[in-house]
Amino acid sequence: MTTASGIGSWPGTDIREVLRLVRDSLGSLGSASETAGALAVDDGPAPDVHGLPYLPELPQRGPGADLVGRGAGLLVDLPVDLQPSGWRLVDHPGRDAGRTTSLMSQDLDELAEAYDGWTGRLKLQMAGPWSLAASIWLPRGERVLVDEGAMRYLVESLTEGVRAHLATVQRLVPGAQLVLQLDEPSLPAVLEGLLPTASGYGRVRVIDPTDALTALREVLGAAGGRDCLVHCCAPGAPLSLLRETGAGLAVDTAQLGPRGWEGVAVAVDEGLPLYAGCVATDPATSARTAPREVADTLVAQWDRLDLPLASLGWVVVTPSCGLGTLTPEAARRTHRLTVETATELTERAVD
C-alpha cells in the first residue's frame, strides 16, 4: 500500500487542534507495521492506504516556531538569540531562546496526550546542519558556514540535540516507531556557493560535497537505526549526494527534470524510500486538481523509467512542501488531496 504523509508545517497557532487533525486523518489509516489502528476515529477514510502522522510545525506562532528557530533550539551548548539579521550564536541564551524552548515543550506535552497508547510510526522534522548553518550567524556577523571550526561545532551540537530530542519523544510515546526527517532547503545554494556574505558583495565559500555528506551522515546517525529521510524541495536538489546518505529522499517532483527522475529511479532500484512531493501546495492548483490527475503524472514517469508499477506501493505521497503559508482551508484541502492521491496510487500498484 502507498503511504500518505506531510512535510511538517501548517497554518495557525493552535498546536492541539492541528496535531489532532493530523493524527485523526493519518492515524486512522493503515500502518506499515499493522499497528496504527491504536487510535480510532469515527469519520476517517477507509484504511486502503498507509498513514504516517507527524508532529506539525506552526511557524505563524512567531520566532522559535519556524524551521530555523526550532532547529536552533535543539543545539547543545551553542546558545542562540534572535537579532535583526536572524538567529545568532551568543555567549548566553536570552529571552528568544527561552521562548523557543517553551514552544517545543508545549508541543511535546500535546504530542504525549494526543498519542497516548500509540504504537505506529510517527515522524519528527527538524532542520538539517547545512540549512541551519546557512541561517544562523556568528557573533561577528557572518554565516556559520564561513567558519569551518564553527561548522564542526554546530554539526556536533545538532547531533547531540537530535539524539536527545528523539529520546525525549520516545519516552513520551514509548510505543512509537519514530522516523527522523532532516529538512535541507538551503543545501543546493550551499553546494553551489549562491549564498551572499553579510556585506552582500561576496558569496559564501562553496562546500565540498564530501564534507556535506559527512555532516548529514553524522546527524542522521543520531537516529540510532531508526528510519530517516532528507527533505529538499528546492530546485537542483543534489539527489546523488542524498542517496549516498542511505536515507529516504523527499523531493518536490515538479522540480525534477529528466536527470532528476533518473536519479529517483536509481534510488527506487536501490530500495530507498521515496517521499514524492507530487501534490501541489499552490491553492489555485490544488483546488482544481483531482487525485487521479496527480497519480497519472507519477505513473507516467514510472512508465518512462520502466519501473514496475508494484513499486508505487513503497512511495510516500506528500505535498510538494510545507503548508505553513496556506490558509487553514487550503491546507486541509491539500492534505485531503494527498490522502486521496495515495489511495489512487495504491490501486495502480496492484493493477
Side-chain angles (χ1 to χ4, degrees), residues 7-10 13 15 55-108 124-165 168 181-190 194-200 202-205 207 212 215-216 218-219 222 230-234 321-322 324-325:
I7 295 302
S9 65
W10 273 78
T13 59
I15 184 61
L55 174 62
E57 300 165 357
L58 305 184
Q60 291 177 4
R61 290 186 293 177
D66 60 302
L67 175 67
V68 175
R70 287 166 76 89
L74 292 177
L75 297 176
V76 175
D77 295 330
L78 272 183
V80 296
D81 208 15
L82 192 60
Q83 305 292 327
S85 59
W87 292 95
R88 181 176 296 186
L89 297 180
V90 293
D91 292 332
H92 304 286
R95 179 177 55 189
D96 298 308
R99 182 172 60 244
T100 298
T101 301
S102 177
L103 286 170
M104 180 61 80
S105 178
Q106 176 187 349
D107 289 0
L108 294 184
L124 304 174
Q125 307 82 220
M126 54 204 71
W130 297 106
S131 293
L132 265 189
S135 304
I136 296 179
W137 301 80
L138 296 166
R140 66 174 184 269
E142 288 289 353
R143 303 174 196 268
V144 169
L145 277 174
V146 307
D147 188 314
E148 294 184 13
M151 185 69 220
R152 197 160 48 245
Y153 286 131
L154 183 141
V155 172
E156 294 172 357
S157 175
L158 180 61
T159 301
E160 290 305 310
V162 169
R163 184 177 290 115
H165 183 60
T168 297
Q181 173 182 316
L182 291 186
D183 287 308
E184 284 286 9
S186 299
L187 186 57
V190 167
L194 300 179
L195 294 170
T197 57
S199 68
R203 291 288 182 267
V204 175
R205 67 187 178 98
I207 300 300
L216 286 169
E218 184 171 342
V219 178
V230 181
H231 168 242
C232 181
C233 59
C321 204
T325 60

**OP:** Return the minimal non-hydrogen interatomic distance between W87 and A97, and the atom names on each side.
**Re:** CZ3-N, 4.4 Å
Original post:
Hey, what do you get for CG (L132) to CZ (R143), rounding to the nearest 0.5 Å?
Top reply: 13.0 Å
Original post:
How many angstroms lie between atom CG of D183 and atom CD1 of I7, to the nearest 0.5 angstrom?
Top reply: 7.0 Å
Original post:
What's the shortest heavy-atom distance between P63 and L82, and which atoms?
Top reply: CB-CD2, 3.4 Å
Original post:
side-chain contact (heavy atoms from CB on, under 4.5 Å) with V155: which of L216, V144, V219?
Top reply: V219
Original post:
Within a strict 4.5 Å, meaning less than it, do heavy atoms of the Y153 and L89 side chains meet?
Top reply: no
Subject >> Heavy-atom check, side chain of I207 versus side chain of L145, under 4.5 Å >> reply: yes
**OP:** Check whether any side-chain heavy atom of V162 lies under 4.5 Å from a side-chain heavy atom of H165, and answer yes or no.
**Re:** no
Subject >> Which atom of G324 lies closest to which atom of S9, heavy atoms considered >> reply: N-OG, 3.1 Å
Original post:
Looking at side-chain heavy atoms only, is the closest gap between L75 and I136 below 4.5 Å?
Top reply: yes
Original post:
Counting only N and O atoms by type, is there a donor-acceptor contact under 3.5 Å from the side chain of Q125 to the main-chain atoms of L55?
Top reply: yes
Original post:
When rounded to the nearest 0.5 angstrom, what is the spacing between OG1 in T159 and CG in L74?
Top reply: 11.0 Å
Original post:
Looking at CZ of R70 and CE of M126, how far apart are the two atoms once the value is rounded to the nearest 0.5 Å?
Top reply: 8.5 Å
Original post:
Is a side-chain donor-acceptor pair under 3.5 Å present for S131 with E184?
Top reply: yes
**OP:** For P185 and A234, work out which heavy atoms get closest and say how close.
**Re:** O-CB, 3.4 Å
Subject >> R203 CZ: over 12 foreign heavy atoms closer than 6.0 Å >> reply: yes
Original post:
At their closest point, which heavy atom of P56 faces which heavy atom of W10, and how far apart are they?
Top reply: CB-CD1, 4.1 Å
Subject >> Main-chain N/O of G64 paired to D66 side chain as donor or acceptor, under 3.5 Å >> reply: yes
**OP:** Might you point out which heavy atoms bring G94 and D81 nearest each other, and give the distance in Å?
**Re:** CA-OD2, 3.8 Å
Original post:
Atom NE2 of H231 and atom CG of L67: how far apart are they, to the nearest 0.5 Å?
Top reply: 10.0 Å
Original post:
For the atom pair CZ (R61) and CD1 (I15), what is the distance rounded to the nearest 0.5 Å?
Top reply: 5.0 Å
Subject >> Q60 CD: over 12 foreign heavy atoms closer than 6.0 Å >> reply: yes
**OP:** Indicate yes or no for a side-chain donor-acceptor contact from W137 to the backbone of G86 under 3.5 Å, with no hydrogens or angles considered.
**Re:** no
Original post:
Would you call D147-R140 a salt bridge at under 4.0 Å N-O?
Top reply: yes
**OP:** May I ask you to decide if G98's main-chain N or O and S102's side chain share a donor-acceptor pair within less than 3.5 Å?
**Re:** no
